[in-house]
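In what follows, a single structure is set out as structure tokens and then discussed.
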Amino acid sequence: MDTRYDPKTVEQRWYDTWDQRGYFKPRESLTGKTFTISMPPPNITGDLHMGHAMYTLQDVLIRWHRMLGDTALWVPGTDHAAIATQNVLEKQLAKKGSSKEAIGREAWDRMVQEWYDTTGHTILQQMRRLGFSADWSRIRFTMDPTYVEAIRYVFVQLWKEGLIYRGPRIVNWCPRDQSAISDLEVQYEEEDGHLYYLDYPVEGGGVISVATARPETMVGDTAVAVHPDDWRYKDLIGKSVVLPIVHRRVPIVADEAVDQEFGTGAVKVTPGHDTTDYEIGERHHLPILSILSLDGRMNIPEVPQLHGLKVPEARDRIVEMLRAEGALQKIEPYRHSVGHCDRCGAVIEPIVSAQWWVRMKPLAGPAIAVAENDDLRFHPERWREQYLRWMRNIRDWNISRQLWLGHRIPVWTCANGHAVAYLKDPKECEQCGNRELTQDPDVLDTWFSSSLWPFVTLGWPADTDDLRRYYPTQVLDTARDILYLWVARMVFMSLHFLNTVPFSDVLIHGTVLAPDGRRMSKSLGTGVDPLDMIEQYGADATRAWTAYFGTGGQDIRFSEEKIESYRRFANKLWNATRLLVGKLPEGAAPIPIDESALEPADLWILGRLSAVTRSVTASFERMEFGPAIDGLFDFAWKEVADDYLELIKPRLQAGDASTVTALSVAIHVLETILRLLHPIMPFVTEELWQRLPHEGETIMYAPWPLPDETIEDRELMDDMAHLLDVVRAVRNVRQSSDTKSRQQPAEATSQRALLSEPVGRRYLATLAQLELNGKLPEGMPQSVVVVGQTTVRLGLPADGAPDAQRLKGELEKKLREIELIQEKLNNPEFTSRAPAAVVERERARLAQAQKAADRLRGLLGETGKLG
RNA sequence: GGGCGGUUAGCUCAGUUGGUAGAGCGUCUGCCUUACACGCAGAAUGUCGGGAGUUCGAGCCUCUCACCGCCCACCA
């Protein structure tokens with residue numbers, strides 16, 4: 001073995017081997033249980049980013065359950081991502097000076113198909129670099145023919161049930177994509193703007209002032225609204241105003257939606273271009289005027305000066321016109337939030353348009369119930385409230401998009417006006433037999449198809465074996481930003497069509513931020529490519545990083561140092577293995593542990609191993625991997641490598657029965673650590689596991705370790721901890737004085753069981769590099785170390801520095817400690833109210849401290865010996 | 001406007017039921033000790049955001065204020 005671990009070759013080799021041997025496919029269950037995760041399908045056009053690296057958490061769970069003996073299945077696939085893909089292809093066409101309109105729908109569809117075929121599943125290929133053990137033979141794509149059929153089935157079914165309807169409503173319109181988008185796809189951002197105060201002349205005299213951030217929409221006003229209780233305007237309600245510029249007469253209405261405090265307390269009402277106004281309009285049966293065409297330009301032939309202008313230009317122009325008419329009272333700076341398209345960033349225009357909607361109230365009911373009764377659980381738990389809040393206030397879902405890419409809405413209208421949803425492309429109208437049919441031009445919201453993902457990927461609506469065996473799934477892991485867009489929708493769709501939750505546990509992992517706390521973004525240059533991290537530090541280190549930070553529920557500032565530390569950790573494990581493998585013949589079988597031959601150190605490390613196994617397993621069960629990787633890192637590095645392996649080195653050299661025992665224990669401990677670590681760091685653990693004596697053909701199928709509580713000896717743990725404290729204290733003194741020769745003569749006395757025995761003294765001698773044979777020669781200058789019930793006298797070289805000063809300092813520290821404890825114990829409130837165990841512990845601490853103080857005093861008395 | 005999360009060592013973050021504050025990185029010192037210098041050993045470093053309260057005892061519970069971030073809402 002080389003002195004360094006090189007992840008590159010190892011990772012590639014093992015991934016190919018696992019894949020070829022079919023280890024990622026579900027295998028027969030040893031527990032009778034299945035464990036399934038549906039992988040959130042990345043966009044087919046997307047690049048791998050740190051968000052995808054977070055899918056490591058899913059792989060950790062899958063690998064863990066595989067080791068537990070469950071039939072584990074991770075279903076991968078990709079999403080067609082309508083808007084995103086369309087943007088890519090339109091740019092390609094634009095480069096050639098063409099457009100989708102120019103080539104026509106058929107050619108466009110061919111182009112899309114070709115793109116899908118050539119893009120393939122590149123992003124899933126990249127995921128392999130991270131070691132993901134998904135069953136790649138089951139890759140699904142939301143454009144697969146069977147998937148398309150399933151979507152169609154769902155649409156027709158919902159339509160028949162009256163849960164899908166078409167109707168004009170005010171919608172969020174993206175002028176660039178020329179499509180409606182749902183409320184969830186609008187991103188609001190604070191922007192500096194102006195608040196314009198307009199004077200509208202009231203019929204019969206006087207003016208009423210309204211405040212608006214969008215003066216250009218005044219040409220579409222169909223009313224002015226005031227609050228019904230507003231005394232200022234009481235008399236004006238029911239009267240009319242004449243709009244400047246267009247000279248249209250519109251009523252003054254009273255509506256509760258008006259905020260008396262804001263602006264002038266009177267508001268212009270533009271039902272065609274404002275959500276609130278639209279609702280006011282509904283209540284007062286106001287006409288709706290559309291003043292924008294679908295590309296976001298003004299569309300008002302009556303006012304030629306404005307016609308065809310973009311909104312910002314129209315705004316400037318109309319302000320001039322208003323000023324000219326004396327209708328502009330004032331302009332104030334005003335900061336407000338403006339909606340932008342999630343995908344392309346264009347400013348969203350509310351417009352009235354006929355769209356397809358899903359009636360949400362009936363679907364939300366069951367989805368609320370499952371979260372309330374815990375059939376659906378959230379990790380961290382606080383997301384449950386977020387989910388419920390949204391579900392309880394849900395509004396109908398706009399599922400139609402005016403795009404050229406996506407699943408067409410399967411509704412055909414005949415010449416007689418019969419609109420019907422068809423499972424198969426119809427030849428004639430179902431209702432009248434008319435053969436002149438036209439299909440609705442709209443496509444479905446991408447999230448409509450995504451909402452069916454976990455069950456359609458298993459074959460639904462067909463009654464498949466997969467569906468029966470693997471559905472519902474267990475865990476859904478994702479980022480919080482698609483909790484509503486995706487997670488919530490899967491829940492109500494599954495409940496409606498399969499009468500079950502799609503998964504029992506929702507794991508919301510943290511979002512990776514740039515080191516400065518901003519969002520990671522390619523355009524800002526703050527993005528981090530996981531493939532770069534894999535290249536530099538290995539997939540295992542990258543995975544360990546995501547496992548460490550991913551499940552705490554906190555957002556994560558990217559920190560490369562931590563990944564680096566896990567790379568070193570892999571190297572540490574490699575070298576620990578190297579040490580042990582070097583003592584073994586090639587291809588050695590596992591050495592059975594002879595329990596009768598175990599030394600205290602062996603019992604100690606086995607006890608610690610058991611405790612670590614228990615806590616790691618508990619962390620996994622809570623789906624909190626941070627404490628798991630942290631605990632394993634610490635145990636493997638500090639306790640096993642730094643302490644235990646150092647402790648047994650003399651035995652490993654001895655070449656007798658003690659060598660065999662030490663090796664058997666060390667190998668067992670290391671092999672167990674590898675198994676505990678495997679779900680998080682699969683590559684290095686497989687590589688090292690194969691090099692150590694082992695049973696089985698892959699660590700992927702090795703059993704998950706169980707704790708052995710019978711071996712956890714409390715007193716021994718305490719004694720070992722004490723011994724290590726003594727070691728540190730001796731090393732400290734040796735470093736600060738000149739007592740650095742390799743084997744320092746010393747004598748030790750202790751009231752601790754372990755340190756009173758030769759074996760304990762041997763450990764102390766090994767770790768602190770002491771010559772502990774018998775007594776120090778009479779009169780030899782010495783340095784004394786006192787730790788609790790143990791005293792070590794170090795023989796000093798003639799020029800050694802005296803340490804009375806240090807002992808004095810320690811005595812003072814002890815006295816302060818004694819004082820503090822006594823104060824506590826002298827408080828009758830404490831002794832009477834605190835639990836007996838706590839009081840007892842304080843008493844014991846006091847006794848210990850007093851003994852140590854006595855010993856220090858005694859030593860300080862031996863001034864002669866202390867130089 | 002409502003809600004949620006955060007504020008702990010120079011930096012990035014842990015801290016399970018309230019009972020003597022931790023890690024990684026960085027810093028300082030000494031070591032090429034035959035698994036690892038991608039290492040070993042030792043050391044330093046915290047009014048746990050401010051204030052008040054509950055309690056024998058608060059990083060942890062309650063209230064309040066400040067700042068940072070996110071989500072939701074019909075923010076003219």
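Note on naming: letters A, B, ... go to the chains in the order of the sequence lines (proteins, then strands), and numbering restarts at 1 for each one.
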Sugar-phosphate, base or nothing in reach of A:Val258, heavy atoms under 4.0 Å: base

Between B:U62 and B:G18 - P atom distance, rounded Å: 11 Å

C1' gap between B:G10 and B:U45, integer Å: 9 Å

Distance-only donor-acceptor test, A:Arg567 side-chain atoms vs B:C38 base atoms, 3.5 Å: yes

Span that lies between the P atom of B:U20 and that of B:C31, in whole angstrom: 38 Å

Ring geometry between A:Trp637 and A:Phe569 (parallel below 30°, tilted from 30 to 60°, perpendicular above 60°): parallel

Sugar-phosphate, base or nothing in reach of A:Ala213, heavy atoms under 4.0 Å: sugar-phosphate

Side-chain donor or acceptor of A:Thr659 paired with backbone N/O of A:Arg651 under 3.5 Å: yes

Ion pair A:Lys8/A:Asp6, N-O distance below 4.0 Å: no

d(CG, A:Asp642; C1', B:A41) in whole Å: 9 Å

Worked verdict on A:Val792 versus A:Val726 for side-chain contact (heavy atoms from CB on, under 4.5 Å): CA-CA 8 Å; A:Val792 181; A:Val726 174; 3.8 Å; yes

Any donor-acceptor N or O pair under 3.5 Å, side chains A:His336, A:Glu189: no

Nearest-nucleotide pick for A:Asn575, side chain only, options being B:A35, B:A41, B:C75: B:A35

Exercise: do A:Asp259 and A:His227 side chains pair donor with acceptor under 3.5 Å: no

A:Arg519/A:Asp555 ion pair, N-O < 4.0 Å: no

Atom-to-atom span, CG of A:Leu388 to P of B:C71 - whole angstrom: 20 Å

Heavy atoms from other residues, nucleotides or ligands near CD of A:Glu190 exceed 12 (cutoff 6.0 Å): yes

B:A41 OP1/OP2 closer than 4.0 Å to side-chain N/O of A:Asn732: no

Touch class at under 4.0 angstrom, heavy-atom based, for A:Asn393 against every strand present: nothing

Sugar-phosphate only, base, or nothing, as touched by A:Tyr5 at under 4.0 Å among non-hydrogen atoms: nothing

B:A23 base / A:Lys562 side chain donor-acceptor hit below 3.5 Å: no

A:Arg578 and A:Asn575: side chain donor to acceptor below 3.5 Å: yes

Under-4.0 Å side-chain N/O to phosphate OP1/OP2 contact, A:Lys638 with B:G24: yes

Donor-acceptor pair present, A:Ser337 side chain and B:C75 base, under 3.5 Å: yes

Integer angstrom distance from the C1' of B:C13 to that of B:C65: 26 Å

B:A43 and B:U34, which share atom name C1', separated by this distance in whole Å: 28 Å

Electrostatic pair A:Asp642:A:Lys638 at N-O distance under 4.0 angstrom: no

Nearest-Å distance for atom pair CZ/P, residues A:Phe569 and B:C25: 12 Å

Row check, A:Trp397 ring normal vs A:Arg489 NZ/CZ: under 6.0 Å, within 45°: yes

Sugar-phosphate only, base, or nothing, as touched by A:Tyr387 at under 4.0 Å among non-hydrogen atoms: nothing

Euclidean distance, atom CZ of residue A:Phe635 to atom P of B:A23 [Å, nearest integer]: 18 Å

Sugar-phosphate, base or nothing in reach of A:Ala266, heavy atoms under 4.0 Å: base

A:Phe262 or A:Gln187, whichever maps to the more 5' nucleotide of RNA chain B: A:Gln187

Ring centers of A:Trp383, A:Tyr387 separated by less than 6.0 Å: no

C1' gap between B:G24 and B:U8, integer Å: 15 Å

Annotated protein contacts, base or backbone, on nucleotides 1-14 of chain B with a non-hydrogen cut-off under 4.0 Å, one of B, S, - each: --SSSS-----SSS

Proximity to the side chain of A:Glu190 - top-ranked nucleotide from B:A76, B:C75, B:C56: B:C75

A:Arg578 CZ - B:U34 P separation (whole Å): 12 Å

Table of protein N/O atoms under 3.5 Å from nucleotides 18-21 of chain B N/O atoms:
residue : atom : partner  : partner atom : Å
B:G19   : O2'  : A:Arg841 : NH2          : 2.4

Lys NZ or Arg CZ of A:Lys562 over A:Tyr548 ring: under 6.0 Å, within 45°: yes

Residues A:Thr831 and A:Lys824: side-chain donor-acceptor under 3.5 angstrom: no

Shortest side-chain distance from A:Arg4, nucleotide among B:C38, B:C72, B:A35: B:C38

side-chain N/O A:Arg734 vs B:G42 OP1/OP2, d < 4.0 Å: no

Between B:G15 and B:G57 - P atom distance, rounded Å: 27 Å

Stem regions touching RNA chain B, defined by at least 3 consecutive Watson-Crick or wobble G-U pairs below 3.5 angstrom: B:1-7 with B:66-72, B:10-13 with B:22-25, B:27-31 with B:39-43, B:49-53 with B:61-65

A:Asn172 CG to B:C72 P, straight-line distance once rounded to whole Å: 13 Å

Aromatic ring proximity A:Trp574/A:Tyr5, centre distance under 6.0 Å: yes

Atom-pair distance (CD on A:Glu646; C1' on B:A41), nearest Å: 10 Å

Gap between atoms CH2 and C1', on A:Trp637 and B:C25 respectively (whole Å): 12 Å

5' precedence on RNA chain B between A:Gly263 and A:Ala641 (nearest-nucleotide basis): A:Ala641

Separation between the P atoms of B:G51 and B:C56, rounded to whole Å: 23 Å

N or O in side chain of A:Arg568 less than 4.0 angstrom from B:C25 OP1/OP2: yes

